[in-house]
Amino acid sequence: MINHSCDVLIVGGGMVGLCLAHQLLERKITTSITLLDKEPELGRHSSGRNSGVLHAGLYYKPGSVKAHVCVGGGRRLRAWVQERGLPLNTCGKVIVPPRPELDGQLDVLAERGTANGATVELWDEKQLRELIPEARTSSGRALWSPNTAVVKPIAVLRELQQELLDRGVAFITGQAAWTAEPELRQLRLSDGGTISYGHLINCAGLQADRVAHLFGVGHNYTLLPFKGLYWQLKRSCPIQPRANLYPVPDLNVPFLGVHFTPSADATPVVSIGPTATPAWGRENYRGLQALEPAMAAANLTVLARQYLANRGGFRRYVHEQAFLALPPLLLQAAQQLIPSVRAEHLELSQKVGIRSQLFNSRTQRLEDDFLCLTGHASTHVLNAISPAFTASFALADLILDEAAPRMDLA
Ligand SMILES: Cc1cc2nc3c(=O)[nH]c(=O)nc-3n(C[C@H](O)[C@H](O)[C@H](O)COP(=O)(O)OP(=O)(O)OC[C@H]3O[C@@H](n4cnc5c(N)ncnc54)[C@H](O)[C@@H]3O)c2cc1C
């Protein structure tokens, strides 16, 4: 039976939790850190199942938390990966308008990127074709982001976990059934053991709202899960884009649209995706695994209301993205970027992730930015959506700027 005590207990060993442990050490806030995860090994959820793109910071409204942490966080993570010799594909990214009326969005993205401190260039069709000969732009223009890169997320997680272990951080894994006793500043484990803490940080990703509720925090917030399936170009396919190729996104919805991403392998595998379809469970990665019918029904009701009210242009998301899990529609979306892609070039990837999107029942809106709530001796990171992987070192610093002064450590 575990009876453990620490200054800071981090719940959730994804990229956000690991980076918080790292920055607690770097900033010398404490060395008594424990990381608790419900899974037997790290990387089973979003941080181990994402596209691995280190975003350059073009999409986010200047002044938002995302904008603030993405550029700096991305640079730090890229340098960290390079210093350790981990796989990194410095291939850049090009964004194209699939329809002529979306051309103006390139200027919006260029302005946002520049305001956020990212490097961007507006390109003509010739420049686009020099990079990806088969790519198409409907308006003759494209936006080039040279600093977008791709990593192998699992390799990053493994390396960071090992470094934290070497520096004395304790990991308690495979503990899913625990109850919170916030007034006593402790968790009670299923076998009767306890973990006592000075301060708790909740970074439980897809379950972060449920964990927050155990501490009496954020009852007006619920996470809506969206499944992200990936396809990939077969090795035999003659088209192999050597940079990320994205459509101009609808900046009102939290998904970037189906895109081509070359992996950070020595011979890159080009994935196409992820889709963004309402999921039947927060961890329903395959078939009937971890189905939550009641949750799915409640979420579909919320989404139907969003559709009717068309908040934030939600109808456009439904029309353009909600059904992309259907292969013919995914192929159509891919052909808007590369018209010569054919069904026989594609195969389903093993990779699948689920994105958590926070819904605020008080305002009836999807939350667009990162959100951090405070509780008794606790901090709750509720909306660590993309680009939280990219931004994780800088996001951890921002969370600690607020939380560290509240930490009443012995
Ligand atoms: C398909 C997809 C593609 C994406 N692409 C990108 C990208 O290219 N670039 C980018 O920057 N971001 C991307 N993202 C977003 C990025 O992956 C996430 O923002 C980031 O990984 C969130 O990290 P996290 O630590 O908050 O959550 P997670 O990685 O989900 O970690 C949460 C951890 O909490 C644990 N946990 C949950 N409940 C409990 C509990 N009760 N007790 C103990 N432990 C618990 C889980 O086991 C898990 O290990 C993508 C996400 C998805 C799903």
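This chain uses plain numbering: 1 for the first residue, then up along the sequence. Atoms within each ligand, like the ligands themselves, are counted from 1 in listed order. If you're wondering where the values come from, they're calculated on a predicted model, not measured in any experiment.
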Colleague: Looking at Arg235 and Glu347, is there a salt bridge between them, counting it only when a charged N and a carboxylate O are closer than 4.0 Å?
Modeller: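 Salt bridge flag = no for Arg235 with Glu347.
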
Colleague: Does any N/O atom on Arg49 come nearer than 3.5 Å to any N/O atom on ligand 1?
Modeller: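 So ligand 1 has no N or O lying under 3.5 Å from an N or O of Arg49.
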
Colleague: Is it true that Arg44 and Glu283 make a salt bridge, defined as a side-chain N closer than 4.0 Å to a carboxylate O?
Modeller: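 Salt bridge: no.
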
Colleague: May I ask whether Arg44 places a heavy atom under 4.0 Å from ligand 1?
Modeller: no

Colleague: For ligand 1, which atoms sit closer than 4.0 Å to a heavy atom of Gly52?
Modeller: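 With Gly52 as reference, the close atoms of ligand 1 come out as 8 (O).
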
Colleague: For Ala384 and Val16, which heavy atoms make the closest approach, and how far apart are they?
Modeller: CB-CG2, 4.1 Å

Colleague: For ligand 1, which atoms have a heavy atom of Ala388 less than 4.0 angstrom away?
Modeller: 19 (O)

Colleague: Between Val53 and ligand 1, is there a nitrogen or oxygen pair with a distance under 3.5 Å?
Modeller: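 Yes; the residue has a nitrogen or oxygen that sits under 3.5 Å from a nitrogen or oxygen of the ligand.
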
Colleague: List the closest protein heavy-atom neighbour of atom 30 (O) of ligand 1: residue, atom name, distance to the nearest 0.1 Å.
Modeller: Ser46 N, 3.3 Å

Colleague: One thing to verify: whether Glu292 and Arg210 come together as a salt bridge, which I'm taking to mean a side-chain N less than 4.0 angstrom from a carboxylate O.
Modeller: yes

Colleague: Which atoms of ligand 1 have any heavy atom of Tyr230 under 4.0 Å away?
Modeller: 1 (C), 2 (C), 3 (C)

Colleague: Taking 4.0 angstrom as the limit and counting only heavy atoms of Val211, give me the atoms of ligand 1 inside it, by number and element.
Modeller: 41 (N)

Colleague: If I apply the N/O under 3.5 Å rule, does Gln175 come out as touching ligand 1?
Modeller: no

Colleague: Considering non-hydrogen atoms only, spot the tightest contact between Pro98 and Val96 and give its length.
Modeller: CD-O, 3.3 Å

Colleague: How are the rings of Tyr246 and His259 set relative to one another: parallel (under 30°), tilted (30 to 60°) or perpendicular (over 60°)?
Modeller: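 Geometry flag for His259 against Tyr246: parallel rings.
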
Colleague: Describe, in one word, how the ring planes of Phe393 and Trp80 are oriented to each other, choosing from parallel (under 30°), tilted (30 to 60°) and perpendicular (over 60°).
Modeller: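 Phe393 vs Trp80 ring planes: tilted.
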
Colleague: Which protein non-hydrogen atom lies closest to atom 11 (O) of ligand 1, naming both residue and atom, and how far is it?
Modeller: Thr390 OG1, 2.7 Å

Colleague: Examine Gln207 against ligand 1 and note whether any of their N/O atoms are separated by less than 3.5 Å.
Modeller: no

Colleague: Check ligand 1 against His55 and write out every atom of the ligand that is under 4.0 Å from a heavy-atom position of the residue.
Modeller: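 Counting from 1, the qualifying ligand atoms are 7 (C), 8 (O), 9 (N), 10 (C), 11 (O).
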
Colleague: Counting the benzene-type ring for Trp, do His45 and Tyr285 have ring centres under 6.0 Å apart?
Modeller: yes

Colleague: Hey, is CD on Glu130 packed in by over 12 heavy atoms from elsewhere, all under 6.0 Å?
Modeller: yes

Colleague: Below the 3.5 angstrom mark, is there an N/O of Met15, backbone or side chain, next to an N/O of ligand 1?
Modeller: yes

Colleague: Return the residue, atom name and 0.1 Å-rounded distance of the protein heavy atom closest to atom 18 (C) of ligand 1.
Modeller: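 Of every protein heavy atom, Ala384 O, 3.5 Å lies nearest to atom 18 (C) of ligand 1.
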
Colleague: Does a donor on one side chain and an acceptor on the other come within less than 3.5 Å for Thr194 and Asn3?
Modeller: yes

Colleague: Below 3.5 angstrom, do we get any N/O pair linking Val16 and ligand 1?
Modeller: yes

Colleague: So that I can tick it off, tell me whether Arg27 and Asp397 are bridged by a salt bridge, with the cut-off set at under 4.0 angstrom between side-chain N and carboxylate O.
Modeller: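 So Asp397 pairs with Arg27 through a salt bridge.
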
Colleague: Do any nitrogen or oxygen atoms of Ser51 lie less than 3.5 angstrom from nitrogen or oxygen atoms of ligand 1?
Modeller: yes

Colleague: Counting only nitrogen or oxygen atoms and a 3.5 angstrom limit, does Arg355 reach ligand 1?
Modeller: no

Colleague: Counting each atom of ligand 1 from 1 as listed, which ones have a heavy atom of Val11 under 4.0 Å away?
Modeller: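 So the atoms of ligand 1 that pass are 42 (N), 43 (C).
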
Colleague: Go through ligand 1 atom by atom and flag the ones less than 4.0 Å from a non-hydrogen atom of Ile385.
Modeller: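 That gives atoms 19 (O) of ligand 1.
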
Colleague: Among all the protein's non-hydrogen atoms, which is closest to atom 32 (C) of ligand 1, and how far away is it?
Modeller: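 Going by distance alone, atom 32 (C) of ligand 1 is nearest to Cys203 O, 3.5 Å.
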
Colleague: Would you mind listing which atoms of ligand 1 come within a distance below 4.0 Å of any non-hydrogen atom of Ile354?
Modeller: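 Answer for ligand 1: 53 (C).
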
Colleague: So which atom in Leu86 and which in Ala155 form the shortest heavy-atom distance, rounded to 0.1 Å?
Modeller: CD1-O, 4.1 Å

Colleague: Distance to 0.1 Å, residue and atom name: give those for the protein heavy atom nearest to atom 12 (N) of ligand 1.
Modeller: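 The closest heavy atom on the protein side is Ser386 OG, 3.4 Å.
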
Colleague: Do me a favour and list the nearest non-hydrogen protein atom to atom 20 (C) of ligand 1 with residue, atom name and distance?
Modeller: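 Answer for atom 20 (C) of ligand 1: Ser47 OG, 3.8 Å.
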
Colleague: Salt bridge or not between Asp107 and Arg141? Use side-chain N to carboxylate O under 4.0 Å.
Modeller: yes

Colleague: Considering non-hydrogen atoms of the protein only, which is the closest contact for atom 50 (C) of ligand 1, and what is the distance?
Modeller: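 Nearest neighbour among protein heavy atoms for atom 50 (C) of ligand 1, to 0.1 Å: Asn50 CB, 3.3 Å.
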
Colleague: Would you mind telling me if ligand 1 is within reach of the side chain of Pro153, the backbone, both or neither, using heavy atoms under 4.0 Å?
Modeller: neither

Colleague: Strictly by modelled atom types, are Ser378 and His376 linked by a side-chain donor-acceptor pair under 3.5 Å?
Modeller: no

